[in-house]
Amino acid sequence: MCPRFFPTERRGTCMGWTTTLARISYVAGPALAAILLKAFPTMEWFWVVAAVVVLLPIAIIRIYNPYETK
């Protein structure tokens, strides 16, 4: 993540949140995959849940529509 994506007055805080959430997702992603593989061994619902997880950030960005920084 490039720091210039965030407004100057909040750049440090935003980079801190981004880094913290990235570290959490490094653990949560494989753990969620392991849980899903155990719960759905035939893989149908595994891919449905995986698609929802991938599309969720796109939907959030489309809903909140952040402005472009200069």
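As the structure is a prediction and not an experimental result, all values here were calculated from the model. Along the sequence shown, the residues carry numbers beginning at 1.
For Ser25 against Pro30, the heavy-atom pair with the smallest separation is O-CD, 4.1 Å.
Cluster annotation: Leu21 is not connected to Leu32 through the hydrophobic network of ILVMFWY side chains, with a link wherever side-chain heavy atoms come within less than 4.5 Å. Using a 4.5 Å cut-off between side-chain heavy atoms of Ile, Leu, Val, Met, Phe, Trp and Tyr, with links allowed through other members, Phe40 and Val52 fall into different hydrophobic clusters. Trp17 and Met15 fall into different hydrophobic clusters, where Ile, Leu, Val, Met, Phe, Trp and Tyr side chains are chained together by heavy-atom contacts under 4.5 Å. Met43 and Val49 fall within a single hydrophobic cluster, where Ile, Leu, Val, Met, Phe, Trp and Tyr side chains are chained together by heavy-atom contacts under 4.5 Å. A single hydrophobic cluster is not seen to contain both Val53 and Ile60; linkage of ILVMFWY side chains at heavy-atom distances under 4.5 Å, directly or through other members, places them apart.
With sequence neighbours left out, Ile58 forms a side chain to side chain contact (heavy atoms under 4.5 Å, CB included) with Leu55, Arg62. Take Thr42 and apply the side-chain hydrogen bond (donor to acceptor under 3.5 Å, both in side chains) test, not counting sequence neighbours, and it matches Glu44.
Side chain of Thr13 to main chain of Arg10: no donor-acceptor pair is present (N/O by atom type, distance under 3.5 Å, no hydrogens or angles).
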Report the C-alpha separation of Leu36 and Trp45 in whole Å, then their side-chain angles, then the decisive distance to 0.1 Å, and conclude whether the side chain to side chain contact (heavy atoms under 4.5 Å, CB included) test is met.
CA-CA 8 Å; Leu36 289 174; Trp45 285 103; over 6 Å; no
